[in-house]
Participant: 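Attaching a single structure in structure tokens format; questions to follow.
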Amino acid sequence: MTQLTRPRLELTLLLLATGALYLWNLGASGWANAFYSAAAQAGSQDWTASFFGSSDAANAITVDKPPASLWVMGLSVRLFGLSSWSILVPQALMGVATVWLVYLAVRRAAAPATADAGLAHRAGLLAGTVMALTPAAVLMFRFNNPDALLVLLMTAAAYAVIRSIQDARPGWLLLAGVFLGFGFLTKQLQVLLVVPGFAVAYLLTAPARAGKRLLHLLGAGAAMAVSAGWWLAAVELIPADARPYIGGSQNNSIIELTLGYNGLGRLNGEETGSVGGSNGWGTPGLFRVFNSEFGGQIAWLIPSALLLGAGLLWLGRRAPRTDAVRASVIIWGAWVAVTGLTFSFMAGILHAYYMVALAPGIAGLAGLGGVLLWQRRTRPAAAAVLTTAVLAAGFMAFELLGRTPTFLPWLRWAVLLGAVVTAIPILAAAVPRLASRGTLSRTTAAIAVVAALAGPLAYSQVTAATAHTGAIVSAGPEVSSRAGTPPAFGGQSNANAGPNAGPNARANCGGGTAGGGAGGGGMGGLLNAATPSAELVTALRTDAERFTWAAAVVGSNNAAGYQLATELPVMAVGGFNGTDPAPTLAQFQQLVADGTIHYFIDGLAVEGETGSDDAARITAWVQSTFTAQTVGGTTVYLLAP
């Protein structure tokens, strides 16, 4: 096998294995997050709904995020029909593409530093493997939240920045701005968390005069603004009565959504319309991402990755200003630091699956630092950093695996033993008389990598084998204690989860009954989609062509279940939380008078601490004005005969 063929084969095997992990048993999750699945279904039926990201094809209200991820899923549904696979396969492919880009970015930075294409390739392979096996990544690349596309676009931007610095081609920097702009159209301000590292790396290391570097960054900022701003401008300029209501906002404004509910509200906890209220998502603090709620998702290699990055900066402190390794460490290290600190201290909504945003940064530092410091292991500083990083990975895995005492109880001890055993020869490598050679060196490296990745691999396997549904999901086995993190939404626990909730959908409360809102937990279908009976589906489909909406129901997840079952527009009264003033009581009454809504489906109304109470008022008006009837175990009201 030639030197050229072997790296390609190994990369191909990595990508195929990643694809197998992300695609295996994918259909078991059904609609996954039905909220986004229903919006993709709507977009596949109506181009206006696709453009705005509407929850239904009749364009009553949008989801509470920009629509970029829905464009991908909606196009897939148009091409292949509505199914779990057409919704979820694009996410899995995004995961494979992300692993590939991490590999390319790390290999590119390592190549000049190692002067060895084989070592650079191994650095990329290690980084790609870490990315592929991060539990939060396995979860999100098998799920249909916007996070999959967001991580792909941020990783693509990082690769473009690295290429721009190395090739001295500012066009790549402009492309990075485009990727970030579309990242904004995926999950709004979260994409900006990686921008400081990108900007600092380019400003400090790009091979151009300082003035040109600053000019290039301004150009990239303009590219980002244009890539995101065209859609924002269109939404703001189109009259409100000619487009759907902007879900998640209180004033039908995408700017309000950007700066409020999805912006500063995430930082200070003042998210108007959120049913959780301020500080309902755990206690902010420096080590929050290591706690029982988030640690198993992402924390396995955070200490090791930061140590490796710091070691590279120290050993390369005398390298030229344009050193590619320094640029990469700044990019990946700032990614981890800024995102991690933001997640640690933010007072607003924070779910376990958000941790996937840290994965590329950790993978980049681990792959680059692990291989480059291994190459320099005869230097005392490199050996010391490597030894500490290996031990940190072992002790971190020992701690995280200890939180699931019934899950492979032997593994934590095996991992710890592997880390300790390999730390000794790594440290000894700096002593010429004791330095390992040949097979022993390769064996030590292999054991160290296995010890570092065994825990994430085990968690990832469980994640791939588990069906995940609902609005809130997490990776890995059930953690026995979630110390320091109170249950979301005022104490709702997994005991209240409806039958649609996967084993790891830890706060998917209510609404998952066959009646769709007639039972379940107290959240009334806020986090789980309803599963309607065959009788109700038949009733909703009868004479459906006469109506704009087959039904209306409070909450987007309730509406999603009926919409996916019938493939007809179902109005989500009040949006996701039921707290948006869309429609108002007066508007709803006019729609009923116009004969545009066939049924109103009863459910447990959700009352938020802030936001509009129009959904509750609409429910009360319907109940007092129309006669209740039961169809397939669900209480409905016939609004238009």
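One is the number of the first residue; the rest follow in order along the sequence. A quick note: this is a predicted structure, and the numbers were derived from the prediction, not measured. Both backbone and side-chain heavy atoms feed into the values below; hydrogens, waters and symmetry mates do not.
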Participant: Looking only at atom types and distance, does a side-chain atom of Asn145 sit under 3.5 Å from a main-chain N or O of Asp147, one as donor and one as acceptor?
Facilitator: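 Answer holds: no.
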Participant: Are Trp314 and Val385 close enough that some pair of their side-chain heavy atoms sits under 4.5 Å apart?
Facilitator: no
Participant: Give a yes or no on whether the backbone of Trp24 and the side-chain of Arg142 come within a donor-acceptor separation of less than 3.5 Å.
Facilitator: yes
Participant: Spell out, as yes or no, whether a donor-acceptor pair under 3.5 Å connects the side chain of Asn33 to the backbone of Asn144.
Facilitator: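 No: the side chain of Asn33 does not pair with the backbone of Asn144.
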Participant: Arg321 side chain to Ala206 main-chain N or O, any donor-acceptor pair under 3.5 Å?
Facilitator: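 Here the side-chain-to-backbone pair exists.
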Participant: With sequence neighbours excluded, what pairs up with Phe184 under the ring-ring contact (aromatic ring centres under 6.0 Å, His included) test?
Facilitator: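 ring-ring contact (aromatic ring centres under 6.0 Å, His included) list for Phe184, sorted by chain: empty.
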Participant: Could you pull out the closest heavy-atom pair between Tyr459 and Pro135, with the gap in Å?
Facilitator: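 Smallest heavy-atom distance, with atoms named: CB-CG, 3.6 Å.
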Participant: Checking Arg108 against Asp167 for the side-chain contact (heavy atoms from CB on, under 4.5 Å) test, could you report, in this order, the C-alpha distance in whole Å, the side-chain angles of both residues, the deciding distance, and whether it holds?
Facilitator: CA-CA 11 Å; Arg108 171 169 283 275; Asp167 296 350; 3.2 Å; yes
Participant: Quick check: does any side chain N or O of Gln375 sit under 3.5 Å from a backbone N or O of Leu119, one acting as donor and the other as acceptor?
Facilitator: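 No; judged by distance alone, with no hydrogens or angles, the pair does not exist.
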Participant: For Ile349, is there any backbone N or O sitting under 3.5 Å from a side-chain donor or acceptor partner on His351?
Facilitator: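 Here the side-chain-to-backbone pair does not exist.
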Participant: Between Thr404 and Leu401, is there a donor-acceptor pair closer than 3.5 Å when you use the side chain of the first and the backbone of the second?
Facilitator: yes
Participant: Pairs under 3.5 angstrom only: tabulate donor-acceptor contacts from the side chains of residues 195-202 to other protein residues two or more places apart or in another chain.
Facilitator:
unit_1: Tyr202; atom_1: OH; unit_2: His216; atom_2: ND1; d: 2.7

Participant: Under the 3.5 angstrom rule, does the side chain of Arg326 hit a backbone N or O of Pro320 as a donor-acceptor pair?
Facilitator: yes
Participant: Run the side-chain donor-acceptor check on residues 406-413: report pairs under 3.5 Å with partners two or more places apart or on a different chain.
Facilitator:
unit_1: Arg412; atom_1: NE; unit_2: Phe398; atom_2: O; d: 3.1
unit_1: Arg412; atom_1: NH2; unit_2: Phe398; atom_2: O; d: 3.1

Participant: Got a sec: does the CH2 of Trp85 have more than 12 other heavy atoms crowding it under 6.0 Å?
Facilitator: yes
